[in-house]
2 protein chains.
Amino acid sequence: MGRGHSAPAKPAEKRKGAAARQHYHHGALKDALVAAAEAILLENGVGGFSLRAAARRAGVSPSAPAHHFGDAAGLLTEVAARGFEELARDLREAEERGGADPAALLRELGRAYVAFALQHPARVRLMFRRDMCDPQAERLKQAADEAYALLENAVRAFCGIAPEEACDPRTMGMILAAWSMVHGFAQLALDGALDVVAGEMGDLDTILSQMLSAMLSALTVPPPSK
Amino acid sequence: MGRGHSAPAKPAEKRKGAAARQHYHHGALKDALVAAAEAILLENGVGGFSLRAAARRAGVSPSAPAHHFGDAAGLLTEVAARGFEELARDLREAEERGGADPAALLRELGRAYVAFALQHPARVRLMFRRDMCDPQAERLKQAADEAYALLENAVRAFCGIAPEEACDPRTMGMILAAWSMVHGFAQLALDGALDVVAGEMGDLDTILSQMLSAMLSALTVPPPSK
DNA sequence: CGTGCATCTTAACACTGTTCAGATTCAATG
DNA sequence: CATTGAATCTGAACAGTGTTAAGATGCACG
């Protein structure tokens with residue numbers, strides 16, 4: 001089954017048709033495998049992934065991926081890295097939407113982060129799976145750092161600290177607090193842990209907004225000496 | 001590979017030392033399997049687990065676990081549930097340590113939560129793996145709720161809201177904020193995402209303390225109307 | 001026209017989870 | 001005490017999995 005596609009209209013041209021592969025060489029296997037993996041993640045979740053299934057979907061033998069990615073973790077690392085890049089794009093869009101007000105910026109970034117997680121559950125779960133993708137890979141670290149740098153800059157702006165200036169411990173604590181909070185909220189939402197709460201009050205986005213409001217309004221007041 | 005299946009010339013022997021299985025019936029297989037699974041998680045991480053390995057470790061055939069847990073997920077669900085129970089115990093200890101001051105209580109709970117995660121990385125990772133253990137299982141849900149109820153009560157005390165009283169949206173936001181923050185911090189710490197930061201400032205526990213201080217001190221000031 | 005080389009296939013290996021018919025033992029009943 | 005029914009565990013089998021090695025294939029460049 002699945003061998004039905006017959007479209008030999010174009011003879012010996014570069015064909016990247018998904019299933020129909022009458023050429024021995026695929027031509028763009030790397031991208032095709034990534035696309036296949038993403039499709040599987042979307043349909044069957046992160047647990048339903050298998051390297052062989054991805055190869056099957058790309059119309060290629062089970063051992064073909066090894067040549068391009070070495071490992072199953074190699075392929076998934078690439079998928080995760082692209083996920084972080086997409087997340088970074090979303091965060092940059094939110095950055096523009098936020099405008100000049102640091103508080104509004106932070107709120108938009110937080111909403112964008114959570115929205116991305118809810119929109120791509122399996123991909124986000126994969127991004128934080130140490131045992132599926134190799135977190136040491138430079139490709140992944142770089143993509144992830146790019147996304148998190150956006151968040152850090154927003155907190156720095158909120159605290160009125162120049163991008164180059166060193167952080168005092170309290171500001172550092174706030175950066176981590178913001179990061180942890182948004183990340184934790186996204187994870188809990190993905191695990192369905194917030195569904196109960198979501199029933200009592202609106203959808204997750206308004207809940208998050210309320211949470212961010214509570215935080216930000218509290219933080220605008222300087223701390224009581226310490 | 002190497003494990004030679006030396007045919008047991010003598011059927012009923014007490015060759016095995018501690019877990020001597022001279023009987024056909026194991027007697028306490030359920031607990032033995034849980035212990036084996038926990039040992040594997042400890043040694044090889046959550047990715048290195050396999051049902052067959054757990055059975056092997058308990059000195060039992062690969063199909064024996066099915067009778068007690070049905071599934072691999074069944075066994076892991078039991079492990080996760082026990083993990084939540086142990087977490088709840090730790091949280092209760094922290095509760096006593098916190099004393100009467102609501103802020104101190106929250107801080108101790110947060111530290112205990114993160115400390116537990118860092119002390120049992122694989123177990124905690126398992127607890128939030130939807131695809132490994134069945135999150136619908138009553139056993140698990142109950143154990144998890146028990147732990148989270150402690151956190152909720154602490155936040156309510158901090159806000160001066162009686163245990164039975166309904167929460168206004170702002171308080172609800174704070175509960176979620178606290179929960180998300182601690183959970184997110186723990187997850188990020190497990191993923192090693194905080195190692196860079198930990199290098200610049202002390203260990204993770206002091207970082208967390210600073211973060212909690214920043215949050216709590218900010219939150220003691222009432223919000224600017226709104 | 002070769003020929004090198006990246007690309008892909010076929011075949012095999014050592015695993016995995018799960019199922020099912022049977023062997024074994026326990027416990028309770030007659 | 002003996003018998004029997006239920007609980008427990010074994011052994012073999014099946015369908016998949018990731019990974020590797022050795023061999024086919026076709027593109028690009030001399």
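Naming: A, B, ... by sequence-line order, numbering from 1 per chain.
A/Ser50 comes within 4.0 angstrom of sugar-phosphate atoms only, judged by non-hydrogen atoms across all strands, and of no base. Using a 4.0 Å heavy-atom cutoff across all strands shown, B/Ala72 reaches sugar-phosphate atoms only and no base atom.
The two residues B/Leu140 and B/Asp134 have their closest heavy-atom pair at CD1-O, 3.6 Å.
In this structure, the CG atom of A/Leu33 is 12 Å from the C1' atom of C/dT7, given to the nearest Å. Rounded to an integer number of Å, the gap from B/Leu75 CG to C/dT16 P is 14 Å. Summarising the geometry, the separation between NZ on B/Lys30 and P on D/dA7 is reported as 14 Å, rounded to the nearest angstrom. Between the CG atom of B/Leu76 and the P atom of C/dT18 there is a distance of 10 Å, rounded to whole Å. Whole-Å rounding puts the A/Phe69 CZ to C/dT7 P distance at 11 Å.
Below 30°, between 30° and 60°, or above 60°: for B/His183 and B/Tyr113 the angle between ring planes is above 60°, a perpendicular geometry.
Nearest nucleotide to the A/Arg52 side chain, out of D/dC9, C/dT10, D/dT17: D/dT17. Each of D/dT8, C/dT9, C/dC8 was ranked by its minimum atom distance to the side chain of B/His68; first place goes to D/dT8. Minimum atom distance to the side chain of B/Leu29 is reached by D/dC9, of the listed D/dC9, C/dT10, C/dC8. Comparing C/dA6, D/dC9, D/dG18 by their closest approach to the side chain of A/Leu51 singles out D/dG18. If you check C/dC8, D/dT17, D/dA7 against the side chain of A/Arg56, the one that comes closest is D/dT17.
Looking only at distances, a side-chain donor or acceptor of B/Arg125 sits under 3.5 Å from a matching main-chain atom of B/Leu190.
The pair A/Glu96-A/Arg92 does not meet the salt-bridge criterion, since no charged nitrogen lies less than 4.0 angstrom from a carboxylate oxygen. Between A/Arg82 and A/Glu78, at least one side-chain N (NZ, or NE/NH1/NH2) sits under 4.0 Å from a carboxylate O, which counts as a salt bridge.
Comparing A/Ala53 and A/Gly70 by the nucleotide of DNA chain D that holds the closest heavy atom to each, the one mapping nearer the 5' end is A/Ala53. For the pair A/His67 and A/Pro62, nearest-nucleotide mapping onto DNA chain C gives the more 5' position to A/His67.
Put simply, the side chain of B/Ser63 and the base of D/dG11 share a donor and an acceptor less than 3.5 Å apart.
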